[in-house]
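Below: one structure, written as structure tokens.
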Amino acid sequence: MELICPEAGWRLDQYLAQAVPGLTRSAAQHLVERGCVTVAGKPVKKNYRTQPGDVIRLTLPEPEPMAAQPREMPLDIVYEDDDLLVINKTKGLVVHPAAGHWDDTLVNGLLYARGDRLSGVNGVLRPGIVHRIDKDTSGLMVVAKNDLAHTVLASQLKDHTLARTYEAIVCGSPAQDAGTVDAPIARHPTERKRMAVVPGGKPAVTHWTVVARYRGYTHLRFRLETGRTHQIRVHMAYLGYPILGDTVYGRKKPELGQSSQCLHASALGFRHPRTGLPVVVTAPLPDYFQAVLDKLHKRTGQGLD
């Protein structure tokens, strides 16, 4: 990329950051330090002050290869064959490497347990990952062991034939015993780390059913028709019944000992990618979820179905 600077007095890194879309000042400094920026054909320092008519050439380096590394960890594999496996993910486990979690994720554990027997469709940082669930959501995820399985399962996910059932405890008590939320979801307009119901967002549909009612709380079961980021959490907050422990979308103070969402992926149903036969896998409520139900039973005497 070649730039001709029209003004004098710019620090080179500052000029590059404002002249190149998407380039931050720190990234510009890094590129100058690596010798990727020249002025009149010669490398310069990042604090070089520009002159009118300076010919600045920026060469972007090839991206450095990065791959997730294997790490031994306990994994609860509840179903497995030659084409796929289903993991019962524990609460608190990040699914794939990202900033702050490069070597302690589910992917790192899968690489240790199954090595190169994972699909490569999603690249070296997400081998085998067809879909994901939040760090603080527990429960079932299907993982592809080859590209054929990955492609077929991803297609089922897209056309909504991969059935996903979740359970949660929400704050409050819905008036009905069942319902559907059909409300589009997109990035929050001002808080970019959150999602929200936004007109013009991506279609999102969540079906819910009451399992049991307690004083101040309700145990719900959900069936997802779509799979937007934080969908259940956003939809229930939108209805006014945020998930217990969800301090991002719900009440800010922990309740009943929960400082993160009480949400569990309890069942998966899909057609086997090779045989076409139906596969249904279930996972019981984990200890943290059952402990909350026990507290609620003691407070109210019983769940009021």
Side-chain angles (χ1 to χ4, degrees), residues 1-70 94-108 111 118-132 134-135 147 150-151 154-155 157-158 184-204 226-231 234 248-249:
M1 175 185 295
E2 188 172 281
L3 304 167
I4 299 178
C5 181
E7 300 178 77
W10 283 91
R11 265 183 60 118
L12 182 58
D13 55 352
Q14 291 177 317
Y15 173 73
L16 289 170
Q18 64 85 33
V20 180
L23 187 68
T24 64
R25 185 176 174 184
S26 61
Q29 291 175 353
H30 184 59
L31 290 171
V32 173
E33 290 167 353
R34 292 182 62 181
C36 298
V37 181
T38 62
V39 178
K42 297 180 181 180
V44 291
K45 295 183 178 180
K46 62 189 178 185
N47 61 353
Y48 170 83
R49 295 284 176 173
T50 63
Q51 300 297 321
D54 272 348
V55 177
I56 302 169
R57 182 174 292 276
L58 171 63
T59 303
L60 295 177
E62 291 295 320
E64 298 176 1
M66 182 185 298
Q69 299 301 311
V94 175
V95 171
H96 56 75
H101 292 278
W102 292 114
D103 63 356
D104 59 351
T105 71
L106 174 61
V107 162
N108 300 110
L111 286 170
L118 297 169
S119 78
V121 171
N122 265 347
V124 294
L125 286 181
R126 303 185 185 187
I129 302 301
V130 178
H131 65 112
R132 69 178 186 87
D134 294 340
K135 170 189 173 184
D147 290 356
H150 197 131
T151 301
S155 177
L157 189 67
K158 185 176 181 180
I185 290 176
R187 189 71 56 184
H188 192 286
T190 59
E191 299 177 50
R192 305 305 293 170
K193 291 185 178 181
R194 299 178 59 193
M195 307 300 289
V197 170
V198 177
K202 293 182 178 180
T226 53
R228 307 305 174 203
T229 301
H230 301 171
Q231 178 172 317
V234 171
V248 175
Y249 296 103

Of the non-hydrogen atoms in [X] and [Y], which two are nearest, and what is the gap between them?
X      : Y      : answer
Arg194 : Arg187 : O-CD, 3.5 Å
Ala196 : His188 : CB-CD2, 3.8 Å
Val107 : Pro97  : CB-CD, 3.8 Å
Lys45  : Val32  : C-CG1, 3.7 Å
Pro184 : Gly200 : CG-N, 4.3 Å
Ala154 : Val130 : N-CG1, 4.0 Å

Counting C-beta onward and ignoring hydrogens, is there a side-chain heavy-atom pair between [X] and [Y] closer than 4.5 Å?
X      : Y      : result
Thr38  : Val44  : no
Gln29  : Asp13  : yes
Met195 : Val197 : no
Asn47  : Arg11  : yes
Leu12  : Val37  : yes
Leu3   : Leu16  : yes
Val55  : Glu2   : yes
Asp134 : His230 : yes

Reported [atom1]-to-[atom2] distance for the pair [X] and [Y], which is rounded to 0.5 angstrom:
X      : Y      : atom1 : atom2 : answer
Lys158 : Thr226 : NZ    : OG1   : 14.0 Å
His150 : Leu157 : NE2   : CG    : 9.0 Å
Thr59  : Leu31  : OG1   : CG    : 9.5 Å
Arg126 : Thr105 : CZ    : OG1   : 10.5 Å

Could you go through the side chain to side chain contact (heavy atoms under 4.5 Å, CB included) check for Ile185 and Gln231 one step at a time?
-> CA-CA 8 Å; Ile185 290 176; Gln231 178 172 317; 4.0 Å; yes
Greater than 12 external heavy atoms within 6.0 Å of Arg228's CZ |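 Counting other residues, nucleotides and ligands, CZ of Arg228 exceeds 12 neighbours.
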Hey, does the side chain of Asn108 reach the backbone of Asp104 with a donor-acceptor pair shorter than 3.5 angstrom?
->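 Looks like yes, one N/O pair under 3.5 Å.
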Does Thr151 reach the main-chain N or O of Asp147 with its side chain, forming a donor-acceptor pair under 3.5 Å?
->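 Side chain of Thr151 to backbone of Asp147, a donor-acceptor pair under 3.5 Å: yes, one is there.
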Please determine, by modelled atom types, if Tyr15 and Asp54 share a side-chain donor-acceptor pair under 3.5 angstrom.
->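 No, no side-chain donor-acceptor pair sits under 3.5 Å.
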Side chain to side chain contact (heavy atoms under 4.5 Å, CB included) between Ile56 and Ile4, worked out = CA-CA 6 Å; Ile56 302 169; Ile4 299 178; over 6 Å; no
Give the C-alpha distance, both sets of side-chain angles, the deciding distance and a yes or no for side chain to side chain contact (heavy atoms under 4.5 Å, CB included) between Val94 and Lys135.
-> CA-CA 5 Å; Val94 175; Lys135 170 189 173 184; 3.9 Å; yes
